[in-house]
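Nothing fancy with the numbering, it's 1 onward along the sequence. Only this structure's heavy atoms are used, side chains among them; waters, hydrogens and symmetry mates stay out. Each ligand, and each atom within it, is numbered from 1 in the order the structure gives. On a predicted model such as this, the values are computed, not experimentally measured, just so you know.
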Amino acid sequence: MRTKTLFIYTLIAISGLVGCEAKPTKKNSETVDLASPGKGNDAMAKIIAAPVPDTNEPDLANGRRQFTKCKVCHTLKKGESHKVGPNLYHILGRKAASMEGFRYSKALADSGLMWNEGTLDQWVKNPHQFVPGSRMSFLGIRDDKARKDVLAYVLKETTMEKAEKN
Ligand code: HEC
């Protein structure tokens, strides 16, 4: 978010500079009414009027950064090995504790959970509260935005190959 704002300010600054440089040359070729908005000003106005990024959309770049918290324990791609935690390929729509070759806690295995966006959200928010006795040694991400971003990233990375396969 901060980087985006900075980027927009940089654009405004650059277009301001270009505008200043362009004015004297324009003066030579055609009459320029300084009171009316010139091309440079139009461009600037467009930048200023550009819609503010929708904050309801998940920020995948932030999600990727957030995933560094999970990365020590989880892989996302098909065929990648389990680490401390299971590989999460095609986690969405899967029964909890159903990745082959991973030894789950009894608590998660017996939970009867299906992983959808709601259950994943609660799990990542506070795994120990959601499934008491689970073995995921992770306190959870309480920040709603950070959690939304990381889950969007995980789901994108773990379901992408599904479309490629079809
Ligand atoms: C310290 C290691 C560790 C970290 C960090 C960690 N996990 Fe886990 N995760 C585990 C373990 C271990 C399990 C299996 C839990 C069990 O059997 O009770 C698990 C299970 C899961 C499951 C359920 C998998 C299944 O097959 O049912 C999901 C989803 C998951 N983790 C997502 C995440 C996400 C997203 C993050 C980061 C925000 C994260 N985990 C961070 C170790 C970790």
Should the pair His82 and Phe102 be assigned to parallel (<30°), tilted (30 to 60°) or perpendicular (>60°) ring geometry?
-> perpendicular
Any idea how Phe130 and Trp115 line up, ring-wise: parallel (<30°), tilted (30 to 60°), or perpendicular (>60°)?
-> tilted
Out of curiosity, Lys148 NZ to Glu117 CD, how far, rounded to the nearest 0.5 Å?
-> 10.0 Å
Using distance alone, determine whether Leu88 and ligand 1 share an N or O pair under 3.5 Å.
-> no
Between Phe67 and ligand 1, find which residue part has any heavy-atom pair under 4.0 Å and reply side chain, backbone, both or neither.
-> neither
Could you tell me whether Leu120 approaches ligand 1 through its side chain, its backbone, both or neither, with non-hydrogen atoms closer than 4.0 Å?
-> side chain
Atom 36 (C) of ligand 1: the protein heavy-atom neighbour that sits closest, reported with distance to 0.1 Å = Cys70 SG, 2.8 Å
For ligand 1, note which part of Leu151 has a heavy atom under 4.0 Å away: side chain, backbone, both or neither.
-> neither
Kindly confirm or rule out an N or O of Tyr104 lying under 3.5 angstrom from an N or O of ligand 1.
-> yes
Test of proximity, Lys69 against ligand 1: N or O pairs below 3.5 Å | no
pair Glu157-Lys77: side-chain heavy atoms closer than 4.5 Å | yes
Val72 side chain near Lys83 side chain, heavy-atom distance below 4.5 Å = no
Residue selection (non-hydrogen contact nearest atom 23 (C) of ligand 1) among Phe102, Trp115, Tyr89 | Trp115
Short N or O distance, His74 and ligand 1, threshold 3.5 Å exclusive = yes
Out of Ser105, Gly140, Pro127, the nearest non-hydrogen contact to atom 18 (O) of ligand 1 is supplied by Ser105
Within the 4.0 Å heavy-atom cut-off, what Gln66 brings close to ligand 1 is neither
In the single-linkage hydrophobic clustering (I, L, V, M, F, W, Y; side-chain heavy atoms under 4.5 Å), do Leu120 and Met114 co-cluster?
-> no
